Amino acid sequence: MLSLLLARNNETVSVDTLIAELWGERVPRSALTTLQTYVYHARKTLATALRLQNTERILVTRPSGYLIAVDDSALDASQFECLVAQGSGFLGSGDVESAATRITEALRLSRGPAFAGMPIGKVLDAHVTYLQELRLNAVGIRIEAQQRLGRHRELVPELRTLVSENPLNEGFHAQLIGTLHHCGRRAEALQAYQRLWRILDAELGVQPSPEVQDLYQKLLV
């Protein structure tokens with residue numbers, strides 16, 4: 001319950017949404033009463049942890065549901081989103097050093113899978129997926145920044161791991177191919193392209209994107 005409220009910080013989450021997250025399709029008759037009990041115990045826990053007399057201003061009751069009122073600066077996820085946006089903006093404007101710095105700061109906040117170690121319902125699962133995609137995007141931005149800074153050799157081991165863990169992510173494959181090429185490892189770059197081609201053909205029945213195919217053509221020149 002608290003995870004979902006924090007994922008939607010400063011936004012009212014309806015009772016129906018909370019019940020759907022907690023019980024899915026197997027909603028007991030006592031769901032509303034149990035939810036209210038969870039809120040009561042959560043407030044007691046917050047009061048002890050934060051040494052506050054009144055936590056109703058933090059865990060707020062609304063006519064349609066509940067709301068967690070916490071400053072965005074107190075949440076790693078909110079800071080992560082902000083730093084990734086800043087890093088992307090710096091990269092777009094050509095300030096590569098600042099982009100690399102911001103994204104590195106962002107990735108320090110991502111210490112593992114979001115909400116690891118707890119059961120995830122279908123509502124919160126969408127937010128977990130969003131954070132995972134945002135992290136992959138951040139990694140891609142950092143790698144591009146390092147490529148522009150000429151740090152190709154250092155990237156090869158990481159990129160090999162990334163394409164192994166994300167075999168359908170053409171972006172990581174393209175970055176590996178380009179990095180190998182800049183390192184003077186043309187044969188390995190060609191092998192990396194052929195590996196991507198086989199994966200996409202076997203899994204999806206498609207060919208690499210036009211951008212990746214253009215990169216392949218440059219390897220042949």
Side-chain angles (χ1 to χ4, degrees), residues 75-117 125-221:
L75 298 177
D76 285 353
S78 297
Q79 287 297 298
F80 179 70
E81 289 180 282
C82 181
L83 288 166
V84 172
Q86 290 175 3
S88 179
F90 280 127
L91 189 66
S93 66
D95 189 348
V96 183
E97 287 280 6
S98 295
T101 299
R102 288 293 189 279
I103 294 297
T104 299
E105 291 176 10
L107 290 171
R108 287 197 188 107
L109 296 174
S110 180
R111 295 181 291 273
F115 305 107
D125 183 63
H127 189 67
V128 171
T129 300
Y130 164 74
L131 291 175
Q132 290 172 338
E133 289 297 325
L134 187 62
R135 188 183 190 284
L136 288 176
N137 182 52
V139 171
I141 293 171
R142 178 176 56 76
I143 289 172
E144 183 177 345
Q146 290 179 320
Q147 286 177 323
R148 291 194 195 182
L149 292 168
R151 300 168 185 167
H152 299 285
R153 294 187 184 279
E154 300 94 322
L155 291 172
V156 174
E158 180 183 5
L159 281 167
R160 288 199 185 280
T161 300
L162 286 168
V163 299
S164 177
E165 294 176 346
N166 306 274
L168 298 180
N169 189 312
E170 287 190 66
F172 289 147
H173 282 278
Q175 288 177 322
L176 174 60
I177 294 166
T179 295
L180 288 169
H181 180 54
H182 277 92
C183 290
R185 297 160 68 171
R186 180 184 173 197
E188 292 178 71
L190 290 169
Q191 290 175 345
Y193 175 82
Q194 293 296 336
R195 189 177 302 113
L196 170 62
W197 193 95
R198 289 194 297 270
I199 290 171
L200 293 178
D201 182 59
E203 295 291 332
L204 304 174
V206 300
Q207 295 183 358
S209 65
E211 293 79 11
V212 180
Q213 292 188 44
D214 287 344
L215 181 58
Y216 171 68
Q217 291 300 322
K218 292 177 183 178
L219 296 174
L220 300 177
V221 176

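The model shown is predicted, which means the values in this text are computed figures rather than measured ones.
- Proximity of Ile103 to Leu91: side-chain heavy atoms (C-beta onward) are nowhere separated by under 4.5 Å.
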**Message:** side chain to side chain contact (heavy atoms under 4.5 Å, CB included), that's the test. Do Leu190 and Leu220 meet it? Break it down for me.
**Reply:** CA-CA 9 Å; Leu190 290 169; Leu220 300 177; 3.9 Å; yes
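- Between the side chain of Ser88 and the backbone N or O of Val84 there is no donor-acceptor pair closer than 3.5 Å.
- We find the CG-CG distance between Leu196 and Asn169 to be 10.0 Å, quoted to the nearest 0.5 Å.
- Summarising the geometry, atom CD belonging to Gln213 is positioned 9.0 Å from atom CD belonging to Glu170; distances are rounded to the nearest 0.5 Å.
- With contacts defined as side-chain heavy-atom distances shorter than 4.5 Å, the pair Phe172/Val139 qualifies.
- For the atom pair Ser110 OG and Gln79 CD, the distance stands at 14.0 Å (nearest 0.5 Å).
- Side-chain atoms of Arg186 come within 3.5 Å of backbone N or O of Leu219 as a donor-acceptor pair.
- When side chains are defined from C-beta on, Thr161 does not count as touching Glu158, because their heavy atoms never get closer than 4.5 Å.
- In this structure, Leu176 and Val156 approach most closely via the heavy-atom pair CD1-O, 4.4 Å.
- You'll find the side chain of Arg135 stays beyond 4.5 Å of the side chain of Gln132, heavy atoms only.
- The shortest heavy-atom contact between Phe80 and Ala106 is CD1-O, 3.1 Å.
- For His173 against Asn166, the heavy-atom pair with the smallest separation is NE2-O, 4.2 Å.
- Nearest heavy atom pair, residue Val128 against residue Phe115, reads CG2-CD1, 3.5 Å.
- A donor-acceptor contact shorter than 3.5 Å links the side chain of His182 to the backbone of Gly178.
- With contacts defined as side-chain heavy-atom distances shorter than 4.5 Å, the pair Leu200/Leu168 qualifies.
- The two residues Leu131 and Ala77 have their closest heavy-atom pair at CD2-CB, 4.4 Å.
- Between the side chain of Gln146 and the main chain of Leu155, no donor-acceptor pair closer than 3.5 Å is present.
- Here Gln86 contributes atom CD and Thr101 contributes atom OG1; the two are 11.5 Å apart, rounded to the nearest 0.5 Å.
- One distance of note links NE2 of His181 with OH of Tyr193; it measures 15.0 Å at 0.5 Å rounding.
- Annotation: the span from Ile199 atom CD1 to Arg195 atom CZ amounts to 7.5 Å, rounded to 0.5 Å.
- Ala138 and Leu107 get closest at one heavy-atom pair: CB-CD2, 4.0 Å.
- Formation of a donor-acceptor pair under 3.5 Å by the Ser164 side chain with backbone atoms of Arg160 is not found in this model.
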**Asked** What do the steps show when you test Arg198 against Gln194 for side chain to side chain donor-acceptor pair (under 3.5 Å), and what is the final call?
**Response** CA-CA 6 Å; Arg198 289 194 297 270; Gln194 293 296 336; 4.9 Å; no
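- At a threshold of 4.5 Å between non-hydrogen side-chain atoms, the residues Arg111 and Asp76 count as touching.
- Judged by distance alone, the side chain of Gln175 and the main-chain N or O of Leu159 form no donor-acceptor pair under 3.5 Å.
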